[in-house]
Peer 1: 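The structure that follows is given in the form of structure tokens.
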Amino acid sequence: MHTSAPALKRDEARRPQALDRSLLLDTPPEPDYDELVRLAAVSCGTPIALISLVEPNRQWFRASVGLHGPSETERVTSFCTQALQREGVFLVEDVLADERFSTHPLVQGESFIRFYAGVPLQTEDGAFIGMLCVLDRRPRGWSESQRRGLSGLKRQLELLLRARTQVRRLQERNTELEQAQERMRSLNAFLQAEMRERQRIERQLLDQQELLTSILAHIPHSVFWKDRNSVFLGCNQQFARDMGVSSPLEIIGRTDLDLPGAGPHADVYRRDDREVLESGVSRLAFEEPLHRADGEASWVLTSKVPLKDSEGTVKGLVGIYVDISERRRQEATLQETKGLIERHAAHLEEQVREAHERTLHLMEHSREVVFVLDAAGSVLEVNPVAERLLGISREQLLGTSFEALAPEDERGPLRRMLKDLRVRGTVRLEEQGLRSAGGERVTLGIAASLQVSGTARRLLIVGDDLTEKRRLEQQNIQNDRLVAMGALAAGIAHEINNPTSYVLSNLSYLQEWRDELERELATVPGLPSRLAETLSEVKEVLAECLVGGQRIRDIVRDMRFFSHTAGEELAPVDIHSCLDVVLRMAHNELKHTARLERHYAESLPPVSASEGRLSQVFLNLIINAAQAMRSGGTERNVLRVGTAVEGERVRIDISDTGHGIPPEVLPRIFEPFFTTKPAGAGTGLGLSISQSIIQKMGGEMRVKSEPGRGTTFSLLLPVLV
């Protein structure tokens, strides 16, 4: 209900005088007013509360809590000017939406006020001098209990203002009495009137206490107050019920230790009391447990404010709390649900990660070529086997069209295969060519499948390297040939060995007999010259026969070894010592052919091998190298022997600077009986036997050769564990 215009003008005219009489303007802060605005903020649940006194051109804040900034503002468009025109509570739930206040400094400035509620303050003679108001920085609603609470605090403040006015008047009058003792008798009647006025004020204070008691009885929160020793001076009915007593009077004089409702938290409550009492600083809105008298465990939101006298000395404290158990239960349920969702999401992420890692592991360790393509056929992922086979790095392959990896004349079948794959889900190609980085054709047998995950479609291409497969097939054929040839060689060697043995034995006997005959005839005089010449020729024939027979014997021995390598057991072998022995054996073969260069590793672990067989391999390779360097002499030719450690194997390199091996011949050099030497100069078994020896020791033999520049044989043997 709006106040009439004449009444508003009367209030405007009376207000300056009423403010002057109140002695409130531009005075220092007082604890009583500060405590009242704090209580208003707590009871109304707002961060800001203040007492605003309205003058003709400004409004001045007598007391405030939560408001940082100037202590006064211009009266133009002020909240209080509008509020003073109405009776009761003036409420604006969203001031930013109200054109009367949207440009107010407290709305647009740092305070950013969005909510306002206030009640007018009247002096004893009925003049409106200002407002008790609460503010918030966010729009909010307003309950009936908050309206009643603010109105009750307004009445309490008016009583306090009046009491303070009366007290000041009494002080002034007492001063006058002290200054005019000589007029005591003449002013006795006036003094009696003053006493009656004081009694009236005391009655008003009692009324005020009763009003405060009524407010505390009806406020929907638990309120208590204590002295400096944490002894209860009083409480409201709600607090008494929480503590399990029937009346607030039963609380007075007791401590938390004496109350069953305080339970095991009494020491914590008293510790909080000491913190507020000793510091003189309020402790607002903190959570703490509460065990009610009925045994129910609750959580409350508590605020404790120090009570100070006029000199600022802390005399006690007032506390207020509200039950927040239901809110905490809801928060706990929300947190539990959130945790469950997070654990489920983490589990799903872990499953996806593990699946991705399994896929990567399978791709990394697969012996087959693996490509992952997107729906358009571009490479998304590729495994190391594909990189090595094509000689193209993963970075270069990613994003490349898979179709573009095929030779131009083979892209048609591949294009049709990818198209069928998107429709049918699985496709096979028995033979598909891809082009390597060097331009060679790589043949693959392809099995492809469509992978669908959600909305993502991927094409999985798995290729079997048919080139390697065919090489292995050829190797198996060659192995079968070697087995057959070994069996044949064993048979031939066995058949030749016996007659060769007695032929060599008889030739040796004939040679000895010829030598003895020559010695006997030398003592016979007149020996015919023709006979001497014949004996000499017989000697040469027998020597040639012995050399030929011994050569047949060596061939038979090599054939027997090729067919079945039996003999010495494996033992630790020092490679450098073994090489040095072999090089000394081959010195005569090398000294007029090539210079020797040794490139030994500083520290070389022993290998598990047969030293005799290994020496046989080294000697064979060194003699072959010397024979490849027959022309040129030591100034031009070099034999290099080197060692090194490669991972868990020892590497031995034997290199020459001879004529080299033609490319068309190189694949056949390990075949039995294959040789490039003239007829009668070699059996063609040396390299085959050497390779067999090395393989049976768990090693590997490699060869590199360039016609006109030389050849390098590399032996790789496992390190002794």
Peer 1: T400 and F402: side-chain contact (heavy atoms from CB on, under 4.5 Å), yes or no, with the steps?
Peer 2: CA-CA 6 Å; T400 303; F402 185 63; over 6 Å; no
Peer 1: Return the minimal non-hydrogen interatomic distance between L687 and N624, and the atom names on each side.
Peer 2: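 Result for this residue pair: CD2-ND2, 4.0 Å.
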Peer 1: Compare every heavy atom of S705 with every heavy atom of T711, then report the nearest pair and how far apart it is.
Peer 2: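 Looking at all heavy atoms of both residues, the closest pair is OG1-OG, 2.8 Å.
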Peer 1: Thinking salt bridges, do E403 and R415 make one under a 4.0 Å N-O criterion?
Peer 2: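 Salt bridge: yes.
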Peer 1: Minimum heavy-atom separation for I689 and Q616, please, with both atom names.
Peer 2: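 Taking every non-hydrogen atom into account, CG2-NE2, 3.9 Å.
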Peer 1: Are R640 and D656 close enough for a salt bridge, meaning some N to O gap below 4.0 Å?
Peer 2: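 Looking at R640 and D656, the cut-off is not met.
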Peer 1: Examine distances only and state if a side-chain atom of D374 and a backbone atom of A376 form a donor-acceptor pair shorter than 3.5 Å.
Peer 2: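 Answer holds: yes.
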Peer 1: Is there side-chain contact between F371 and L459, with at least one heavy-atom pair below 4.5 Å?
Peer 2: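 A side-chain contact is absent here, since even the closest heavy-atom pair is not under 4.5 Å.
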Peer 1: Can any side-chain N or O of E648 pair as donor or acceptor with the backbone N or O of L720 at less than 3.5 Å?
Peer 2: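 Flag not set: sc E648 to bb L720 has no pair under 3.5 Å.
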Peer 1: For side-chain contact (heavy atoms from CB on, under 4.5 Å), just list the numbers for M701 and S690, CA-CA rounded to whole Å, side-chain angles, deciding distance to a tenth of an Å, and then say yes or no.
Peer 2: CA-CA 9 Å; M701 180 181 287; S690 297; 3.8 Å; yes
Peer 1: For S436 and L390, indicate whether the former's side chain and the latter's backbone hold a donor-acceptor pair under 3.5 Å.
Peer 2: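 Here the side-chain-to-backbone pair does not exist.
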Peer 1: Check the pair Q396 / S393 against side-chain hydrogen bond (donor to acceptor under 3.5 Å, both in side chains), numbers first and verdict last.
Peer 2: CA-CA 5 Å; Q396 293 174 303; S393 68; 3.1 Å; yes
Peer 1: Do any N or O atoms from the side chain of S615 and from the backbone of V582 form a donor-acceptor pair under 3.5 angstrom?
Peer 2: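 Judged by distance alone, no pair lies under 3.5 Å.
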Peer 1: Looking only at heavy atoms, what is the nearest atom pair of I694 and E700, with distance?
Peer 2: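 For I694 and E700, the tightest heavy-atom pair comes out as CG2-N, 3.5 Å.
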Peer 1: Are more than 12 heavy atoms from other residues, nucleotides or ligands located less than 6.0 Å from atom NZ of K704?
Peer 2: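 Open: at most 12 neighbouring heavy atoms sit under 6.0 Å from NZ of K704.
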Peer 1: I'd like to know if the side chain of N383 and the backbone of A386 have a donor-acceptor N/O pair within less than 3.5 Å.
Peer 2: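 A pair under 3.5 Å: yes.
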Peer 1: Any side-chain heavy atom of I622 within less than 4.5 Å of one from L590?
Peer 2: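 Yes; the side chains approach each other to less than 4.5 Å.
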Peer 1: Go through the steps to decide whether L717 and R649 satisfy the test side-chain contact (heavy atoms from CB on, under 4.5 Å), and finish with yes or no.
Peer 2: CA-CA 5 Å; L717 295 169; R649 298 196 295 183; over 6 Å; no
Peer 1: Drop me the distance from Q627's CD to T593's OG1, to the nearest 0.5 angstrom.
Peer 2: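 Rounded to the nearest 0.5 Å, the CD-OG1 separation comes out at 9.5 Å.
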Peer 1: Can you name the nearest heavy-atom pair linking A448 to M417, along with the distance?
Peer 2: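 So the minimum-distance heavy-atom pair works out to CB-SD, 4.1 Å.
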Peer 1: State the CG-CD1 distance between L398 and I392, to the nearest 0.5 angstrom.
Peer 2: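 So the gap between those two atoms works out to 11.5 Å.
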Peer 1: Side-chain contact, heavy-atom cut-off 4.5 Å: D574 with L604?
Peer 2: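 No, too far: nothing below the 4.5 Å cut-off.
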Peer 1: Within a reach of under 6.0 Å around CZ of R422, are more than 12 heavy atoms found that belong to other residues, nucleotides or ligands?
Peer 2: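 Yes - once you tally the heavy atoms of other residues, nucleotides and ligands closer than 6.0 Å, there are more than 12.
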Peer 1: Going from CD on Q432 to CD on E410, what distance comes out if it is rounded to the nearest 0.5 angstrom?
Peer 2: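 It is 5.5 Å, given to the nearest 0.5 Å.
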Peer 1: Salt bridge check, E408 against R435: does any charged N sit closer than 4.0 Å to a carboxylate O?
Peer 2: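 Answer for the salt bridge query: no.
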Peer 1: Given side chains that start at C-beta, do those of T712 and V703 come closer than 4.5 Å, heavy atoms only?
Peer 2: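 Result no, sub-4.5 Å side-chain heavy-atom pair not found.
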Peer 1: Nearest 0.5 angstrom please: L715 CG to F618 CZ, how far?
Peer 2: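 Spacing of CG (L715) from CZ (F618) equals 6.0 Å.
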Peer 1: Does this structure show an ion pair linking R394 with E381, if we count only N-O contacts that are shorter than 4.0 Å?
Peer 2: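 Salt bridge present between R394 and E381.
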Peer 1: In sequence, state the C-alpha distance, the side-chain angles, and the governing distance for L596 and V641, and then conclude on side-chain contact (heavy atoms from CB on, under 4.5 Å).
Peer 2: CA-CA 8 Å; L596 175 63; V641 180; 4.1 Å; yes
Peer 1: Would a 4.5 Å heavy-atom cut-off, applied to side chains only, mark I693 and L614 as touching?
Peer 2: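 Not touching, per the 4.5 Å side-chain cut-off.
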Peer 1: Dump the intermediate steps for salt bridge (charged side-chain N to carboxylate O under 4.0 Å, His left out) on D580 and R598, then the final yes or no.
Peer 2: CA-CA 10 Å; D580 289 341; R598 291 182 176 91; 3.4 Å; yes
Peer 1: Locate the shortest heavy-atom distance separating A594 from M629; write the atom from each residue and the value.
Peer 2: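 Scanning both residues completely, I find the closest heavy atoms to be CB-CE, 3.6 Å.
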Peer 1: Could you state the interatomic distance from CG (L434) to CG (L414), rounded to the nearest 0.5 Å?
Peer 2: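 It comes to 7.0 Å.
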Peer 1: If only atom types and distance count, is the side chain of R702 paired as donor or acceptor with the main-chain N or O of S714 below 3.5 Å?
Peer 2: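 Looks like no, no N/O pair under 3.5 Å.
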Peer 1: Does any part of the side chain of L460, heavy atoms only, come nearer than 4.5 Å to the side chain of L373, both counted from C-beta?
Peer 2: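 The answer is no, as the side chains (C-beta and beyond) never meet within the 4.5 Å cut-off.
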Peer 1: Are any of the side-chain heavy atoms of Y600 and L579 separated by less than 4.5 Å?
Peer 2: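 Heavy-atom side-chain distance check passes, below 4.5 Å.
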Peer 1: With no hydrogens and no angle check, do the side chains of H599 and T643 hold a donor and an acceptor under 3.5 Å apart?
Peer 2: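 H599 vs T643: no donor-acceptor pair found between side chains.
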Peer 1: Working to the nearest 0.5 Å, report the span between CG of L397 and OG of S378.
Peer 2: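 These two atoms lie 12.0 Å from each other.
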Peer 1: Side chains of R327 and Q330 only: does a donor on one sit below 3.5 Å from an acceptor on the other?
Peer 2: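 Absent: no donor and acceptor within the cut-off.
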Peer 1: Charged N to carboxylate O under 4.0 angstrom, R651 versus D653?
Peer 2: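 Between D653 and R651 there is a salt bridge, with a charged N closer than 4.0 Å to a carboxylate O.
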Peer 1: Does a side-chain N-to-carboxylate-O contact under 4.0 Å join R329 and E326?
Peer 2: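 Salt bridge flag = yes for E326 with R329.
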Peer 1: Do E336 and R343 pass the salt bridge (charged side-chain N to carboxylate O under 4.0 Å, His left out) test, and can you show the C-alpha distance, the side-chain angles, and the key distance before you say yes or no?
Peer 2: CA-CA 10 Å; E336 183 178 354; R343 288 193 298 273; over 6 Å; no
Peer 1: Hydrogens and angles aside, do E331 and T333 bring a side-chain donor and acceptor to less than 3.5 Å of each other?
Peer 2: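 E331 vs T333: no donor-acceptor pair found between side chains.
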Peer 1: Would you sort out whether R424 and T426 count as a side-chain hydrogen bond (donor to acceptor under 3.5 Å, both in side chains), showing the intermediate values?
Peer 2: CA-CA 6 Å; R424 293 162 52 188; T426 58; 5.9 Å; no
Peer 1: Hey, does H576 have a side-chain heavy atom less than 4.5 Å from the side chain of C578?
Peer 2: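 Result no, sub-4.5 Å side-chain heavy-atom pair not found.
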